[in-house]
Amino acid sequence: MTKVKNILINTSYDQISVFNYRYGTIITMQPRNAEITIIGGGSIGCAVAYYLAREGYRDLQILERSEIASQTTAQAAGLVGQVRPTKERTLLAMESVKTFSKLYEETGVDPDWRQTGSLRLSLSHSRDKEFIALAEVAASVGLEVEFLDKHRIKDFVPQIGSELITSAIWCPSDGYLQPTSLVNSYLAGAKSLGVSIATNCEVTQIEVKQNTVVALQTNQGKVSTSLVINCAGPWARDIAMMVGVDLPVVPVRHEYFITDTVDGWHPSLPVLRIPDVRLYVRAELDSILCGGWEASAKSLPLNHPTTAFMSPDTDFEVLNQFHTDLARLVPNIDDIGLRSVLKGYPTFTPDGRFIIGPVASPKGFVMAAGCNAHGVSGSAGIAKHLVESLTSSPSAYVLSLTPQRFQNQRTNDNELEQQARSHYENYYSNSLLR
Ligand SMILES: Cc1cc2nc3c(=O)[nH]c(=O)nc-3n(C[C@H](O)[C@H](O)[C@H](O)COP(=O)(O)OP(=O)(O)OC[C@H]3O[C@@H](n4cnc5c(N)ncnc54)[C@H](O)[C@@H]3O)c2cc1C
């Protein structure tokens, strides 16, 4: 196996522009009595706050235990892909792209959205067939995609060898963004519409009276509230347990690396997805960012002990395999050193679908979790669905994402965790993802 040299990290963040703003947002307002309280200030919590405020909801606050966008969101690669196996997922991703394209205009804060386009590369004839099905879904909802033969691929990415590639889907409206900038942009929009934000504010209990949420206990005191929206990422299950609701939100380990500078790589290159070797790749300035979905995923147990910061150990064996597979397509990177590894626990659900909407009981408790590793790219679409779930007549699709689907049928934890891991392992080929 090719060994990746210089693994790991002797790099200060300011060498990598995309990560410059990490941990930068500190907002120190106090928790207060509010009609609506959003728990969690990651990409989902901030998108939900912005969407609700834009829809005319008032008296909203975000409570964040740490700093804004400092947890799972801070680790994300920022890829935004719209080519998905179902119409609903494609439409959700398209809603996000539409939003990213106008966020700067709407909020005055740039989400650092780069619409570079993306290439999904096939290395096998069976994958070619799957690509045809994906392109059909895209066409059915008006997403522009184009098939490229292997000879045209080099026009888009001269940096890769095309010998192994059998076909490719080009999606010109895909791209990538800087997750923390995106969150700052949502926040600016939300704040301008009156949303308040308290950081270093941990929710420790949720008070329910007559089967209705009435208040929250925090490390900064008690506040009354009548609607709680749980956007706590890998901690979402713990928060739901505070009201006695046991949901299968499974944190699954995920990681990627950023290399040292590689000749010819630059930020305008398209994002690459290579399902046959389970990899995604993009330029990070003049370096390569590469991550993947290893075949044997590792998850935390559903009843894992809660700690405020969850970061897995780096798994060099997995990263070396990513590098080996990448080196088959990108010449001259055998000896490239690594600059950085980013990692965390995005959550997966046993059916590979988001958990969005009110729980059956108690009243006033709503979920926006189980992001299945696209809670940055999907944040705007998820927030839109969340808003719809609070209306009197949500669509059948939004209703199908309800947490209530898990509330009445609890199977054994091992089985649920295994099902969630299998969605991770089959991330690029799972036709069940909806
Ligand atoms: C290595 C890696 C790469 C990824 N790449 C991508 C990508 O390219 N594209 C993409 O779309 N997604 C990607 N993801 C997934 C994406 O990061 C997540 O889906 C997304 O960030 C989830 O956002 P969140 O707001 O739900 O969670 P988080 O960002 O974790 O936010 C939850 C917040 O809740 C807070 N919280 C928890 N408990 C409490 C409490 N009791 N009181 C108050 N606050 C609390 C936490 O402090 C935290 O800030 C990646 C993830 C990883 C780990």
Side-chain angles (χ1 to χ4, degrees), residues 18 23 25 31 37-49 61-81 92-93 96 100 174-180 182-183 186 197-206 216-220 228-242 249 251-258 271 273 280-282 289-293 306-312 314 319 340-348 354-355 367-383 424 427:
V18 163
Y23 313 115
T25 310
T37 300
I38 294 163
I39 304 178
S43 53
I44 301 298
C46 295
V48 163
Q61 67 179 338
I62 300 173
L63 304 185
E64 165 53 52
R65 168 167 58 192
S66 179
E67 288 167 16
I68 291 296
S70 61
Q71 303 301 313
T72 325
T73 300
Q75 302 297 312
L79 309 191
V80 177
L92 177 135
S96 286
F100 301 154
D174 274 357
Y176 63 92
L177 47 65
Q178 204 290 77
T180 326
L182 172 68
V183 171
Y186 285 140
I197 298 110
T199 52
N200 300 312
C201 179
E202 176 171 6
V203 174
T204 53
Q205 274 175 36
I206 301 174
L216 296 172
Q217 192 65 49
T218 79
N219 60 346
Q220 298 181 35
V228 166
I229 305 181
N230 178 0
C231 303
W235 300 273
R237 179 169 180 269
D238 305 322
I239 300 289
M241 290 297 271
M242 290 180 187
V249 180
V252 184
R253 184 195 69 182
H254 184 54
E255 58 191 343
Y256 62 87
F257 62 75
I258 297 172
V271 172
R273 292 181 181 79
Y280 57 80
V281 184
R282 71 167 171 85
L289 179 159
C290 173
W293 313 96
T306 304
T307 51
F309 183 69
M310 298 198 299
S311 182
T314 302
L319 293 177
S340 195
V341 173
L342 286 100
K343 56 201 175 171
Y345 286 104
T347 57
F348 281 74
F354 304 129
I355 302 180
M367 293 293 301
C371 296
N372 293 283
H374 51 288
V376 170
S377 55
S379 55
I382 290 168
Y424 177 101
Y427 194 78

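We count ligands from 1, going down the list as the structure has it; atoms in each ligand are counted the same way.
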Residue from Ile62, Leu63, Ile38 passing side-chain contact (heavy atoms from CB on, under 4.5 Å) with Ile197 =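 So the option named by the test is Ile62.
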
Tyr427 to Asn372 - nearest heavy-atom pair and separation =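 Smallest heavy-atom distance, with atoms named: CE1-O, 3.3 Å.
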
Looking only at heavy atoms, the pair that brings Tyr176 and Leu79 closest together is CB-CA, 4.2 Å

Does one side chain, of Thr37 or Gln61, offer a donor that lies under 3.5 Å from an acceptor on the other?
-> yes

Do any N/O atoms on Tyr256 end up under 3.5 angstrom from N/O atoms on ligand 1?
->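 No: no nitrogen or oxygen of Tyr256 is under 3.5 Å from one in ligand 1.
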
Pull out every atom of ligand 1 sitting under 4.0 Å from any heavy atom of [X], numbered as shown with elements.
X: Leu342; result: 1 (C)
X: Gln71; result: 30 (O), 46 (C), 47 (O), 48 (C), 49 (O)
X: Ser377; result: 10 (C), 11 (O)
X: Glu202; result: 41 (N), 42 (N)
X: Cys371; result: 19 (O)
X: Gly42; result: 25 (O), 29 (O), 31 (O)
X: Pro346; result: 53 (C)
X: Pro234; result: 30 (O)

From the options [options], select the one whose nearest heavy atom is closest to [atom].
atom: atom 12 (N) of ligand 1; options: Gly78, Ala373, Ser66, Cys46; result: Ala373
atom: atom 24 (P) of ligand 1; options: Thr218, Ile44, Ile38; result: Ile44
atom: atom 9 (N) of ligand 1; options: Leu79, Asn219, Val271; result: Leu79

Spatial distance of atom CD1 (Ile239) from atom SG (Cys231) [nearest 0.5 Å] |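 The SG atom of Cys231 is 10.5 Å from CD1 of Ile239, to the nearest 0.5 Å.
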
When rounded to the nearest 0.5 Å, the distance separating CD of Glu64 from CD1 of Ile39 is 10.5 Å

Can you check whether Val252's main-chain N or O pairs, donor with acceptor, with His254's side chain at less than 3.5 Å?
->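 Absent.
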
Exam field: side chain Gln220 to backbone Asn200, donor-acceptor pair closer than 3.5 Å | yes

Proximity to ligand 1 by part of [X], non-hydrogen separation under 4.0 Å:
X: Cys231; value: backbone
X: Ile39; value: side chain
X: Cys201; value: backbone
X: Leu63; value: backbone
X: Ala232; value: both
X: Val376; value: both

